[in-house]
2 protein chains.
Amino acid sequence: MTEVSGDETRAAIRRATFQALRRHGYANLSIAHIATELGKSKSLLYSYYESKDDVLVALLDHTIEGYGSDPSLSADTSIEDTLKQFLETLLVPPDVDEESELIAVLLELRVQAVSDIAYRERFTILDQRLRITITDMIERGIEAGEFASVDATRIAAHVVLIINGMMLQQATTAADASMPTGPRQMLYSYLDETLGTNYVVDRR
Amino acid sequence: MTEVSGDETRAAIRRATFQALRRHGYANLSIAHIATELGKSKSLLYSYYESKDDVLVALLDHTIEGYGSDPSLSADTSIEDTLKQFLETLLVPPDVDEESELIAVLLELRVQAVSDIAYRERFTILDQRLRITITDMIERGIEAGEFASVDATRIAAHVVLIINGMMLQQATTAADASMPTGPRQMLYSYLDETLGTNYVVDRR
DNA sequence: GTCTATACCCCGATAGAC
DNA sequence: GTCTATCGGGGTATAGAC
């Protein structure tokens with residue numbers, strides 16, 4: 001089918017755009033760079049997308065589509081583990097390709113929201129979705145008696161705030177010996193203290 | 001003196017660059033835009049700076065120079081108030097010009113650190129400085145018996161994490177009714193609970 | 001110190017062949 | 001579906017007059 005082939009090409013273009021973004025950064029990203037990464041000519045891109053902006057938005061939409069969706073584990077897994085695993089996928093997302101530099105790319109795209117309304121809408125919804133998912137998990141944990149009886153909405157908003165801070169710091173600062181502990185430990189300690197659980201984290 | 005005049009021109013160029021950044025965003029910022037904002041010709045900029053990048057870095061250095069320095073209030077002010085006022089200046093910085101959109105500009109510059117080592121170094125140091133300043137304040141508060149006896153270094157790192165998250169959210173998402181409370185309240189509640197103080201915030 | 005003019009390059013996008 | 005060739009425009013940076 002032509003459609004399938006078209007979809008595959010679109011997927012290939014997205015991957016190429018992702019790689020080009022990693023290599024050159026948003027500021028220096030050009031159609032030529034994407035085409036080189038794709039191994040095809042520039043003009044081919046215009047058979048699938050109307051403009052450069054169109055390509056970028058398609059990448060963004062595809063990237064945040066699955067990002068931050070509830071992993072919904074089997075029923076015998078504790079809510080604590082489910083929450084923990086969920087947060088891990090946010091901070092160290094499953095490999096998109098070889099290297100998991102998704103956070104850096106996502107951040108570069110996100111900052112376009114400062115001037116671009118289309119981007120702003122998408123990240124507003126993304127944060128919202130994250131807060132709702134985490135709120136639900138905490139509430140389930142409270143009902144199950146696993147967590148202390150806290151204001152789930154408030155905690156979830158705080159967690160999303162921390163996650164965003166972590167992404168920004170992780171992508172824009174060098175490793176810093178002055179940090180008392182890794183940012184991921186800080187998030188887990190916070191949850192530990194707030195929810196009354198005891199997160200054990202695998203160090204990296 | 002020619003030097004003084006030169007410094008004044010440099011300052012004017014920084015202000016023009018700041019305004020141009022606000023109006024066009026980092027991605028669309030050009031020498032021509034800066035010159036228009038300055039009310040002078042493009043080539044004049046090259047009498048004061050070697051390149052466009054040079055202009056941007058100069059703006060960055062000047063901006064973060066004063067940013068996050070201890071306000072060091074008079075001795076009769078409580079440490080709680082000093083800390084509170086300090087955090088306020090970070091989140092709603094003193095007017096640079098008319099509109100205080102410094103956070104958006106600072107964020108756009110910061111994200112260049114994803115690909116640019118010069119930027120990364122500067123923001124690593126900035127975060128470091130912030131953590132140290134806040135750690136000192138908390139420790140002074142503990143010594144004075146104003147705060148509970150907590151791990152100041154850890155709390156400070158957490159606060160910087162939250163501040164960075166707030167900046168990112170504030171600049172890249174629309175106002176969101178699903179938020180339980182403003183992000184500033186969330187920061188103050190966190191400090192309240194952690195330090196055992198009782199922050200009262202002026203709502204906006 | 002500040003200008004005009006211009007060199008030179010790269011970019012996004014299109015036309016049209018195969 | 002994919003290519004080569006090319007157009008028009010805007011970008012950074014420089015030369016040289018005033």
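Residue numbering restarts at 1 for every chain, and letters A, B, ... go by the order of the sequence lines.
For B:Leu44, whose side chain is taken as the heavy atoms from C-beta onward, the closest listed nucleotide among D:dT2, D:dG11, C:dG1 is C:dG1. Here the nucleotide nearest the side chain of A:Tyr46, chosen from D:dT12, C:dG1, C:dG12, is C:dG12. In this structure, of C:dC11, D:dA15, C:dT2, it is D:dA15 that holds the atom nearest to the side chain of B:Ser43. Each of C:dT2, D:dG11, C:dA13 was ranked by its minimum atom distance to the side chain of A:Lys42; first place goes to C:dA13.
A donor atom on one side chain and an acceptor atom on the other are found under 3.5 Å apart for A:His33 and A:Ser30.
A:Tyr49 has its OH atom 16 Å from the P atom of C:dG12, to the nearest Å. One interatomic measurement links the two molecules: CD1 of B:Ile13 to P of C:dT2, which rounds to 9 Å at whole-angstrom precision. Between the CD1 atom of A:Ile31 and the C1' atom of C:dT14 there is a distance of 13 Å, given to the nearest Å. Between the P atom of C:dT2 and the CG atom of B:Leu45 lies a distance of 11 Å, rounded to the nearest Å. Distance, B:Lys52 NZ to C:dC9 P: 19 Å, rounded to whole Å. In this entry the distance linking CG of A:Asp53 with C1' of C:dC11 reads 15 Å, nearest Å. The distance between atom CG of A:Asn28 and atom C1' of D:dG11, rounded to the nearest whole Å, is 12 Å. Summarising the geometry, the separation between CD on B:Glu8 and P on C:dT2 is reported as 11 Å, rounded to the nearest angstrom.
Across all strands shown, A:Leu29 has heavy atoms under 4.0 Å from sugar-phosphate atoms exclusively, and none from any base. At a threshold of 4.0 angstrom between heavy atoms, the contacts of A:Ser51 are confined to the sugar-phosphate backbone, with no base atom among them. Within the nucleic acid shown, A:Ser30 comes within 4.0 Å of sugar-phosphate atoms alone, with no base atom in reach, counting heavy atoms only. Here B:Tyr48 lies in heavy-atom contact (under 4.0 Å) with sugar-phosphate atoms only.
Counting only distance, with no hydrogens or angles, the side chain of B:Thr135 and the backbone of B:Ala156 share no donor-acceptor pair below 3.5 Å.
Under the 4.5 Å side-chain criterion, counting only non-hydrogen atoms from C-beta, B:Arg184 is in contact with B:Val92. Contact of the A:Glu37 side chain with the A:Phe18 side chain is not registered, since no non-hydrogen atoms from C-beta on lie closer than 4.5 Å.
Taking the ring centre of A:Tyr190 as origin, the terminal cationic atom of B:Arg154 falls outside the region bounded by 6.0 Å and 45° from the ring axis.
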